[in-house]
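This report concerns only the one structure given below.
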Amino acid sequence: MAAKSLDYQKIREDFPILSTRMNGKPLVFLDSAASSQKPRRVIEAFEDYYRCRNANIHRGAYRLSYEATDLYDRTRARLAKFLGAPDPDTVIFTRNTTESLNIVAYSWAMNNLQPGDEILVSELEHHSNLVPWMMAAKKTGAILKHIPLTEDARYDLDRLNEVISERTRIVSVAHMSNAVGTIHDLKTIGRAARQAGALFVVDGAQGACHLNVNVEDLDCDFYAISAHKMLGPTGVGALYGKREILENMEPFLGGGDMILTVSRDSFKPAPLPMKFEAGTPNIAGVVAFSVALDYLNQVGLENIHSHEVALLEYGLEEIKKVEGIKLYGSQDLANRGGVISFLLDGVHPHDIGSILDEEGVAVRAGHHCCEPFMKKEGISGTVRASFYLYNGPDDIDALVKSLQKVRSIFKMPAKKAQR
Ligand code: C6P
């Protein structure tokens, strides 16, 4: 089905924060890769929960608690459908992608890896998809290996066989890079992981917000997400895992709700998904996340993605007109999402970020929690503009205009005349 063009101006009206002003200027929000803005109905669902429905789940012997439990569990079923997971019990609510990946590192990797086993990642990964594996490697004697990258920040799949072997036990990669926007070929990597007999873990923090995800079709063992990047609240994430693997894993945190029985000296864990959901969760956040999922479904992920790619195309064209811009990331737009990562001559990314902020333009500046990649590129960081369904060409125009202001503040010469 052909993608429908988005009426981004109408969509923008659903997001109260986007009509506010920053430093006396209309807010131009270009940092959705860090966290998306929230539509009014998600904010209202959050408030409605506390106003009319608040009770702890799975505990109370009263109607309010049953209803809260029902809302919470219905979100799980909705999210499972959203991710293409046939069994809602295989979707575990967490705080965020970071916690989801840590569950796999602590509960699977630290209990199953042997000295000399290998974990395959890449230098492009977010710290959340690196540090937990470093910790697991340190604990078990396993070794971290890296998928080679191409010059334009893609996984070099032609060289995958140089780093994957029968010693590889885990392959953990991002669906989409937060630093430069590359959308990775998960099918090829997943196939290689399976052939090696390794677990295939996907950091979906930048995936499920922009792309249709079907975990069955991807045949991944784990897929990790954060609600706050998907129009939902902060403090809610999820981990999808294959049932058999989850069932054979040790629990992550111990406490209330994750047990079947407890005796004086021991306990039996609850069945999935409760085994991994110790303590009172972010019930209001989960309930509001359900509304965010409905919103995304209503607009359509394929429409969102094609809108972002069109913006990316326009953005790259326009930003190249600014003298001294150096762009990072793949030039192949078929494999790239709505992220533009760049530097401007010798200006420090934080200085650019501050000047843009004065113009009301919100971008992220720095290493974007991808220090190994920045080190590999020999830079301390970049400026990153990232798009979502509410952005439009007017936002790009504001960005480019502000970059010209940076040039003038730093007294950089105007574009050289063509001879
Ligand atoms: N990236 C960014 O500005 P949490 O913080 O757990 O919700 O998400 C962590 C994470 C993991 N993987 C990728 C690819 C990510 O992009 C992120 C979050 C934000 O790029 C904040 S650092």
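Heavy atoms only: backbone and side chains are in, while hydrogens, waters and symmetry mates are out. Start at 1 and go down the list; that is how both ligands and their atoms are numbered.
- In this structure, His228 has a heavy atom closer than 4.0 Å to ligand 1.
- Heavy-atom proximity to Ser226, at under 4.0 Å, picks out these atoms of ligand 1: 4 (P), 6 (O), 7 (O), 8 (O).
- Close contacts of ligand 1 with Ser128, meaning ligand atoms under 4.0 Å from a residue heavy atom, involve 9 (C), 11 (C).
- Residue, atom and distance of the protein heavy atom nearest to atom 16 (O) of ligand 1 are Gln206 NE2, 2.7 Å.
- Heavy-atom distances between Arg95 and ligand 1 stay at or above 4.0 Å for every pair.
- Within the structure, ligand 1 lacks Ala174 among the residues with a heavy atom less than 4.0 angstrom away.
- At least one heavy atom of Asp203 sits under 4.0 Å from some atom of ligand 1.
- No side-chain heavy atom of Asp257 sits less than 4.5 Å from a side-chain heavy atom of Thr280.
- At a 4.0 Å cut-off, at least one heavy atom of Arg384 sits close enough to ligand 1 to count as contact.
- Judged purely by distance below 3.5 Å, without hydrogens or angles, the side chains of Thr98 and Ser128 pair a donor atom with an acceptor atom.
- Atoms of ligand 1 found under 4.0 Å from any heavy atom of Thr97 (numbered from 1 in listed order, with element): 6 (O), 8 (O), 11 (C).
- Aromatic ring centres of Tyr390 and Phe15: separated by under 6.0 Å.
- Taking all atoms of both residues into account, the shortest heavy-atom contact from Arg336 to Ser341 is NH2-N, 4.4 Å.
- Summary of contacts: the protein heavy atom closest to atom 15 (C) of ligand 1 is His126 CD2, 3.3 Å.
- Protein heavy atom closest to atom 1 (N) of ligand 1, with residue, atom name and distance, is Lys229 NZ, 3.0 Å.
- Selection from Asn129, Thr98, Val339 by nearest heavy atom to atom 6 (O) of ligand 1 gives Thr98.
- Under 4.0 angstrom from ligand 1, there are no non-hydrogen atoms of Glu99.
- Remark: the Ser330 side chain and the Asp332 side chain contain no N/O donor-acceptor pair separated by less than 3.5 Å.
- Between Lys321 and Glu318 there is a salt bridge, with a side-chain nitrogen of the basic residue lying less than 4.0 Å from a carboxylate oxygen of the acidic one.
- Near Ala205, the atoms of ligand 1 lying under 4.0 angstrom from a non-hydrogen atom of the residue are 10 (C), 11 (C), 12 (N), 13 (C), 15 (C), 17 (C).
- For His127 and His367, the distance between ring centers is under 6.0 angstrom.
- A donor atom on one side chain and an acceptor atom on the other are found under 3.5 Å apart for Tyr314 and Asp397.
- Close approach of ligand 1 to Ala34 (heavy-atom distance below 4.0 Å) involves ligand atoms 2 (C), 3 (O), 19 (C).
- Side-chain polar atoms of Thr188 and Asp185 form a donor-acceptor pair below 3.5 angstrom.
- Nearest-residue assignment for atom 21 (C) of ligand 1 (options Arg364, His368, His127; heavy-atom criterion): Arg364.
- Cation-pi geometry between Lys375 and Phe373 is not met: the NZ or CZ atom fails to fall both under 6.0 Å from the ring centre and inside 45° of the normal.
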